[in-house]
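Written below as structure tokens is the structure these notes are about.
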Amino acid sequence: MGNKLVLIDGNSIAYRAFFALPLLNNDKGVYTNAVYGFTTMLLKILEEESPDHMLVAFDAGKTTFRHKTYEEYKGGRQKTPPELSEQFPLLQELLDSFGIRHYQLPQYEADDIIGTLAREAENRGDEVTVISGDKDLLQLVSGNVTVRLTKKGITNVETYTPGFLKEKMEIDPEQVIHLKALMGDSSDNIPGVPGVGEKTAVKLLKQFGTLENLYDNLGEVSGKKLKEKLETNKNEAYMSKKLVTIELEAPLEIALTDTAYTGYEPSAVRKQFQDLGFESLINRIGSDEEESKAEMISVEVEKEKPLTEDILLDETALIVEILEDNYHTSPVEAIVLSNEKGVFAFSPEQLMESDTFKTWAADSSRHKWVFDAKRTLVAFKRYGIPVEGITFDVLLASYLVNPAVNNHDIPAISHRLGETGIPTDEEVYGKGAKRKRPEDDVLYEHAGRKALMLYRLKSNLEEQLKQNKQEELFHNLEMPLALILGEMEYTGVRVDVDRLKEMGEELERRLEEIKKRIYEHAGEEFNINSPKQLGPVLFEKLGLPPLKKTKTGYSTAADVLEQLSSQHEIIDEILLYRQLGKLQSTYIEGLLKVVHKETGKVHTRFNQALTQTGRLSSADPNLQNIPIRLEEGRKIRQAFIPSRQGWVMFASDYSQIELRVLAHMSGDEKLIQSFKEGEDVHTKTASEVFGVAPEEVDSDMRRKAKAVNFGIVYGISDYGLSQSLGVSRKDAQIYIDAYFKSYPKVKEYMEDTVRQAREEGYVETLMNRRRYLPDMNSRNFNRRNAAERTAMNTPIQGTAADIIKKAMIDMAARLKEEELEATMLMQVHDELILEVPEQEVEKVTEAVREVMEGTVELTVPLEVDHSYGKTWFDAK
DNA sequence: TTGTGCACGC
DNA sequence: GACGTACGTGCACAAC
């Protein structure tokens, strides 16, 4: 029985990976993109091929035996970028950790090593797979040798067998060198016959078979010009053939037996991945059940013994295990404590009844370390147990340290810090529909392991917060905020279900009518909600001009359809259908689905550890995107009502907070002045940009200025502005230039921010929230540009987020202090929504203004507007 | 189950 | 000259 040998062209794959991936560097500032790409390819190969022999061949150096034939061989080639060169040693170390043999031979290229071994193995009857990005290797294809060439990217490969080669290139493997001899190869500086490309070469080979036969019968070549070219470049052709022919008898110092591959040691590879910063790949290693069990950190869990005072220490990790994301509805499965005394697991039934536990939980001097403070708090609240003294949340700490990490759970953080023996929730519980509660033992052990790690992780994260100067941000902003958000979520918002249903029925009727009219216009019935079906109806059947395409077909986005509005009546009907359909599916049906049956309330979850800028997000339901701009949709807000009779919905929002933050951070006198004088900032901008007196600013000028301000805040580009204004890019650029001329310090600030981001690798907000921008030095124009805009935007958006978060904390304190019953319900980025007893409205009005305006002192005043009414709709 | 297109908010 | 305004969530559809 033959062996299975995989031969990899190391240089070729590393090059591919390098150019296919952005110039990533790891936390040590070492470039790793080529190694990373190579590794993903390698893992795929190991999985797909399960080789028992393996070798990665590298080119040895600048000169090879081929240079004796032709000095200019590979001449004119770009020097290997140093960012890539420095990765080769890393790559070889990585291969060592995999236990994969790598080899290079002076004067020879990787091709020759591969060719020699492939031939030898083939002769023995082994099965060989060659991996490369270089078509020259195709000459090795045979019955036993398959060549897999990378296509786009690195993991995307095309597998060449003799049959496939014939189909694809119309030649046999033996003809590959003849083909190259004729057509040459500019990347290797191989001349071939000038003027002969792939097409002609294939045609000639079909007729003559080989280069030699071609020249023996040159007279039969059709075309005078071609014949001449072949004639005059005969030497070049033969030399080219010699150059591209892979040496099949290179004097290797290794034998096939040296390439034996028996699999890798997961621990060694894992360590290597950690050093390289390949967090995302770690989980792909050693998923083998046996192996990962053996590596799991062991935990002695004491199960369901009666809780006694002696195990409740002042510093204890507390894990509340809930399987589903939604902790408002999903049951608590287990509670685990971990501290110096050990790891102790309890069923909720047992613990929630224990007075010993309740006393400990309510004691703020007894510190609890948790994962997801808000989740923990709400979970206990559901059992009527107040918890005090939560002083450390691993989730929030990890998020602050680096929001770009999209997985902050305990196994993931543990992995990043080098502890790998923690399986993920998904591994233990399954995911999606298959997620289920395991046996008690498994559950307790898993939760116990997490509790143990939580206890251990705290000090490391604390240290990282300290390094980032984020202790204040963590302890005095995010931690207290978590408690407040927990209260808000648990309180929930009352929904007028009947009102929603009424609106739903009305919508249903209207949608039905519109649908009919659309079908009439179209002359057929189709699914209006399917862009794939709508496209052909509009742009083929009705002959409307397709103004924009998506990667799957015609674009039917609103901005496209609006431009076609005058050309066919169907367009406005479709836009209306979309608008109402959105209201129906997302805001009527979607909202009704998440209303609690008993309480008639919705309990959103604010995600406090997700956005890259520091804003909150909201889900199930998302209360931060309830319609407001169009009257039709705004009515949805009529269904959000106070939870008690005689109360009102009260909304309070910051006016222009982001531009005020910009004024403060840039120190631009004119912008500061503008806010100090209480001017209309868009009118003022218009007056500046268009060079007219404020009185002479018309509505169109103001509209444009508003868009400019918007763009400034979001990290402007001329294209973006031109899109939103419907003007040319050139004009958009003129507005931007005019803006920067009027507000020179803003321009300076933007430039400084970008420069600093490039140097430091990150940007920061007023309160030291941090965002890393690895693309600042990308060679890819788009990525770099996007990173630069992000650098400009994040400090502004993020500082605004810092400010409202602080205001929420102050607000909670103020309400308590004044013993008001008013309650915060929602936060929508620059807005707080409360429910307030009517008789408290006056006091709350004053409190909200004082607190929100006074929460931080900037060089410009902060201003808030407020409103209230019987429903959220009426608070306008 | 996953990716795409679309639409809602700030 | 490239691409494209920032940041989110959720729905329906269609391909896997």
Side-chain angles (χ1 to χ4, degrees), chain A residues 403 431-435 526-535 548-561 574-575 577-591 593-594 604-607 610-630 632-634 636-637 653-658 707-725 729 732 736 763 771 775 778-798 800-801 804 826-831:
Chain A
K431 70 167 173 177
K434 277 180 278 185
R435 198 177 186 93
F526 63 100
N527 187 342
I528 306 164
N529 283 324
S530 163
K532 205 186 160 194
Q533 293 181 39
L534 178 61
K548 212 167 76 179
K549 285 199 294 187
T550 67
K551 61 174 123 178
T552 53
Y554 306 110
S555 169
T556 65
D559 63 322
V560 176
L561 296 189
I574 289 168
L575 287 168
Y577 185 87
R578 283 246 182 95
Q579 191 201 325
L580 301 185
K582 177 73 180 176
L583 293 180
Q584 183 74 305
S585 65
T586 304
Y587 296 108
I588 302 284
E589 292 166 358
L591 214 46
K593 257 184 244 166
V594 292
T604 189
R605 278 169 296 131
F606 289 107
N607 198 333
L610 184 131
T611 71
Q612 304 302 300
T613 55
R615 278 186 172 183
L616 301 175
S617 77
S618 156
D620 289 321
N622 181 351
L623 293 177
Q624 294 180 322
N625 74 342
I626 304 298
I628 187 164
R629 286 181 38 236
L630 302 171
E632 201 73 77
R634 192 174 194 155
I636 298 287
R637 294 178 176 225
D653 70 293
Y654 279 110
S655 152
Q656 304 293 351
I657 188 167
E658 283 164 335
V708 171
N709 279 328
F710 204 50
I712 291 289
V713 167
Y714 284 156
I716 199 154
S717 74
D718 54 354
Y719 178 87
L721 185 61
S722 75
Q723 285 294 301
S724 65
L725 279 178
R729 212 162 139 157
I736 295 168
V763 289
R771 183 178 189 178
D775 281 346
S778 171
R779 290 184 316 285
N780 179 314
F781 174 89
N782 299 319
R783 301 181 75 107
R784 196 173 59 246
N785 242 321
E788 286 172 1
R789 277 183 276 124
T790 307
M792 296 186 264
N793 163 255
T794 297
I796 299 170
Q797 194 181 114
I804 191 163
M826 300 178 252
Q827 186 252 50
V828 191
H829 309 311
D830 64 352
E831 184 182 16

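Proteins get letters first, then strands, A, B, ... in listed order; numbering begins at 1 in each.
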What is the distance, rounded to the nearest whole Å, between atom [atom1] of [X] and atom [atom2] of [N]?
X	N	atom1	atom2	result
A:Asn782	C:dG4	CG	C1'	7 Å
A:Ile628	C:dG8	CD1	P	21 Å
A:Asn793	C:dG8	CG	C1'	13 Å
A:Asn625	C:dT9	CG	C1'	6 Å
A:Asp775	C:dG4	CG	P	14 Å
A:Tyr719	C:dA6	OH	P	12 Å
A:Met792	C:dC7	CE	C1'	16 Å
A:Leu583	C:dG10	CG	P	17 Å

Which distance, rounded to the nearest 0.5 Å, do you find between the [atom1] of [X] and the [atom2] of [Y]?
X	Y	atom1	atom2	result
A:Glu831	A:Ile628	CD	CD1	6.5 Å
A:Arg634	A:Ile626	CZ	CD1	13.0 Å
A:Ile528	A:Thr556	CD1	OG1	11.5 Å
A:Ile574	A:Leu534	CD1	CG	4.5 Å
A:Leu561	A:Arg578	CG	CZ	5.5 Å

Set of salt bridge (Lys or Arg N to Asp or Glu O under 4.0 Å) partners for [X], sequence neighbours left out:
X	answer
A:Glu632	A:Arg510
A:Asp830	none
A:Lys548	A:Asp559

*Is A:Asn793 reaching over with its side chain to a backbone N or O of A:Val713, donor-acceptor style, under 3.5 angstrom?*
yes
*Using atom types as modelled and distance alone, determine if a side-chain donor or acceptor of A:Thr604 lies under 3.5 Å from a backbone N or O of A:Ser618.*
no
On a whole-Å scale, what distance lies between the [atom1] atoms belonging to [N] and [M]?
N	M	atom1	value
C:dA6	B:dT2	C1'	26 Å
B:dG5	C:dG4	P	12 Å
B:dC8	C:dC3	P	28 Å

Would you mind classifying the nucleic acid contact of [X] as base, sugar-phosphate or nothing, using non-hydrogen atoms under 4.0 angstrom?
X	answer
A:Gln797	base
A:Leu610	sugar-phosphate
A:Ile626	sugar-phosphate
A:Lys549	nothing
A:Arg605	nothing
A:Ala786	nothing
A:Ser717	base
A:Thr556	sugar-phosphate
A:Gln579	sugar-phosphate

_Dot-bracket for DNA chain C, please. Rules: Watson-Crick or G-U, both distances under 3.5 Å, ( ) within the strand, [ ] when a pair crosses earlier ones, | for another strand, . otherwise._
......|||||||||.
*Ignoring backbone atoms, test whether A:Arg771 places a side-chain nitrogen or oxygen under 4.0 Å from the OP1 or OP2 oxygen of C:dC7.*
yes
*Along DNA chain B, 5' to 3', what are the outermost nucleotides having an atom less than 4.0 Å from a heavy atom of chain A?*
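So the contact region on DNA chain B extends B:dT1 to B:dC10.
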*Donor-acceptor side-chain pairing of A:Tyr587 and A:Asn625 below 3.5 angstrom*: yes
_Checking A:Ser722 against A:Arg729: is there a side-chain donor and acceptor pair closer than 3.5 Å?_
no
*A:Asp620 bridged to A:Arg605 by N-O distance under 4.0 Å*: yes
*Scan nucleotides 11-16 of chain C nucleotide by nucleotide, 5' to 3', and note B when protein non-hydrogen atoms come under 4.0 Å of the base, S if they reach only the sugar-phosphate, - if neither.*
SSSSS-
